Amino acid sequence: MSFCAVPLLPITEIARNCGVPEQYLIPYGREVAKVDLQMIQPDAKQGKLVLVSAITPTPLGEGKTVTTIGLSQGLNFIGHKAIACIRQPSLGPVFGVKGGAAGGGKAQVLPMEKLNLHLTGDIHAITAAHDLASAALDARLYHEEHLGEEFTAQTQLPRLNIDKNRIVWKRVIDHNDRALRRIKVGVGGGVNGVEREDGFEISAASELMAILALASDLQDMRQRIGRIILAYDTQGNPVTAEKLEVAGAMTVLLKEAINPNLMQTAEQTPVLIHAGPFANIAHGNSSVLADKVGLQLADYVVTEAGFGSDMGMEKFFNIKYRQTGVAPSCVVLVATVRSLKSNSGRFNIKPGQALPAEVTQCNVELLAEGSANLGWHIQNAKSYGLPVIVAINRFPYDHDEELGFVKQYALEHGACACEISDAFTQGGAGTQALARHVVAACAQDNAVILPYVDNMPLAEKIQTMAKKYGARQANLSAQAEQNLAEIQQLKLDHLPLCMVKTPLSISADPNLKNVPTDFDVEITRLQLSAGAGFIRVYAGNVMTMPGLGTLPAYRQIDIDAAGNIVGLH
């Protein structure tokens, strides 16, 4: 249930307090609203953007959302006007093991059950639009095969000659369902369609989710959707949503979803929640439009990037910043004592299992073994040209001696400041020292430095990013080499890279902890996200349709006699 002791203001009051005019507010009940994009004024005064990232996390997460929410509250606590921007949670982890993504304690979005469940239906709209394209694709494949040479005469449409073995647009659903990873559609043939191999991904993995997060307005979203490559024809040419004539209808289904959602924290700080792209196969950040709304309304906008600095933060700069020119003023890196001990490589921490005793006991020697990971992430963040502040997310079992060690280590290895965050237990009051360091860092005059330019040869971009992780080199498979040549032939090799790899290591091997050395990155394939505007570079197998474990969270979720949701976390 929600943090019941906290009084919630009507969302109309939250909007009024943060400066959203009434005519631009689209209420969804008393506690949630959308903000109409029409309120964005390009020439309006802009606040400062603060990007929250992390060191290499454990599978349990290290509290980036708690820190993001808590820092926005802390900035308000010391007298500034701040807004948080976060991604919308998927139902997959909510009903799986990880749970929701509302933050926690005194640093969470409320009502958390609304955020973690349907909210305003944006993810369902993405699912519907995505699967409309799938249905249209299979329908066209069937009708062209069924009518043969008569197809054009009967329909006045050109034949697309879709290669059923080169359809790259899988279906999506917003649940963890391993049984749908590989399926057959059109089983039996005939009126059932063309029989072929297919599969499902979770809705957050849809390119439409990435597009929603990157679009600058409704027409930009429409153009991006038209560029999506759904399949290839028998001659190897792309079959786009525009060619299939489904792009317009897909956009119509997303007409309302493009407006960011407004909620509040436990301290009535405004929060914009919009889009939820994966941080491995996409860019792992909330939407450009939410940022723009927030920057127009507040002195400081605190936004969160998925996983570590080698994942969501890297993609913020290489994808989101390249496309928008909206730059953060500083980076906040979240670290925990438990994640640094985990990075020693001694443990295999898994969700649902108790932490090893050594993780909760005071052990500075063990902590020191994993601290190089913190040093690497500080330097990685600094390489993009911005000041870096480390926030140590305190857990109840942390020891003062260990916290002091981490703070000293961070300062000695390049952080301009390091503070303990007590956001979970104290809310904004527990991040006020961190907030003051953020204000000081944002006052500096810095410029973003990118690791490669757009026109760098594609193969060289891949080598540049692999070496940034500390690899000797990237090795491209025969499939990857073929994909690279195809992308060059389409003249789309200028697009930025989205490195698809594990979040559990700086390398592409989840078993290599801390700061790996003497390794190569194996590139298995490349895939275009032409609508979103990036190239996915696969370094290993990344699961885009999770499965439910033996003890899923849905077992604890229910509703009581008064209609209150219980067991949701």
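On a predicted model such as this, the values are computed, not experimentally measured, just so you know.
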Could you tell me if [Y] and [X] have a donor-acceptor pair between their side chains, going purely by distance under 3.5 Å?
| X | Y | result |
| --- | --- | --- |
| Glu314 | Tyr469 | yes |
| Gln73 | Thr269 | no |
| Lys468 | Ser383 | yes |
| Ser53 | Ser309 | no |
| Ser90 | Asp174 | yes |
| Glu369 | Ser344 | no |

Does any non-hydrogen side-chain atom of [Y] lie less than 4.5 Å from one of [X]?
| X | Y | result |
| --- | --- | --- |
| Asp220 | Asp217 | yes |
| Val542 | Thr502 | no |
| Thr58 | Arg338 | yes |
| Ser286 | Ile273 | no |
| Met543 | Asn176 | no |
| Ile389 | Glu419 | no |
| Phe278 | Ile202 | yes |
| Leu117 | Ile565 | yes |

Any donor-acceptor pair under 3.5 Å from [X] side chain to [Y] backbone:
| X | Y | result |
| --- | --- | --- |
| Glu31 | Leu8 | no |
| His274 | Leu262 | no |
| Asn17 | Ile14 | no |
| His437 | Cys418 | no |
| Gln296 | Gln41 | yes |
| Gln432 | Ala429 | yes |
| Asn393 | Thr336 | no |
| Gln88 | Leu119 | no |
| Lys48 | Ala443 | no |
| Lys513 | Ser342 | no |

Charged tip of [X] within 45° of [Y] ring normal and under 6.0 Å:
| X | Y | value |
| --- | --- | --- |
| Lys341 | Phe405 | no |
| Lys315 | Phe534 | no |
| Arg87 | Phe307 | no |

How about [atom1] on [X], more than 12 heavy atoms from neighbouring residues, nucleotides or ligands closer than 6.0 Å, or not?
| X | atom1 | value |
| --- | --- | --- |
| Lys114 | NZ | no |
| Glu13 | CD | yes |
| Tyr409 | OH | yes |

Shortest non-hydrogen contact from [X] toward [Y]:
| X | Y | answer |
| --- | --- | --- |
| Ala290 | Cys85 | O-SG, 3.6 Å |
| Leu374 | Ala410 | CD2-CB, 4.1 Å |
| Pro516 | Ser505 | CG-OG, 3.9 Å |
| Pro260 | Val293 | CG-CG2, 4.4 Å |
| Leu367 | Glu402 | CD2-O, 3.5 Å |
| Ser216 | Lys292 | CB-NZ, 4.1 Å |

TODO: May I have the step-by-step check of side-chain contact (heavy atoms from CB on, under 4.5 Å) for Met263 and Leu110, ending in yes or no?
DONE: CA-CA 7 Å; Met263 294 184 73; Leu110 299 177; over 6 Å; no

To the nearest 0.5 Å, what is the distance between [atom1] ([X]) and [atom2] ([Y])?
| X | Y | atom1 | atom2 | answer |
| --- | --- | --- | --- | --- |
| Thr67 | Glu62 | OG1 | CD | 10.0 Å |
| Leu272 | Cys18 | CG | SG | 7.5 Å |
| Cys498 | Asn280 | SG | CG | 7.5 Å |
| Asn285 | Ile319 | CG | CD1 | 9.0 Å |
| Tyr452 | Leu450 | OH | CG | 8.0 Å |
| Leu289 | Leu212 | CG | CG | 8.0 Å |

Task: Carboxylate-amine/guanidinium contact Asp422 Arg394, below 4.0 Å - done: yes

TODO: Using the side-chain contact (heavy atoms from CB on, under 4.5 Å) rule, take Val439 and Leu75 through it: C-alpha gap first, then chi angles, then the decisive distance, then the call.
DONE: CA-CA 8 Å; Val439 171; Leu75 287 160; 3.7 Å; yes

Task: Chi angles and distances behind the side-chain contact (heavy atoms from CB on, under 4.5 Å) call for Ile557, Phe95 - done: CA-CA 8 Å; Ile557 299 171; Phe95 293 124; 3.6 Å; yes

Open item on the list: Which label fits Tyr321 and Phe317: parallel for a plane angle under 30°, tilted from 30 to 60°, or perpendicular past 60°?
Closed with: perpendicular

TODO: Tell me, with the steps shown, if Ile123 and Leu91 meet side-chain contact (heavy atoms from CB on, under 4.5 Å).
DONE: CA-CA 9 Å; Ile123 295 180; Leu91 292 180; over 6 Å; no

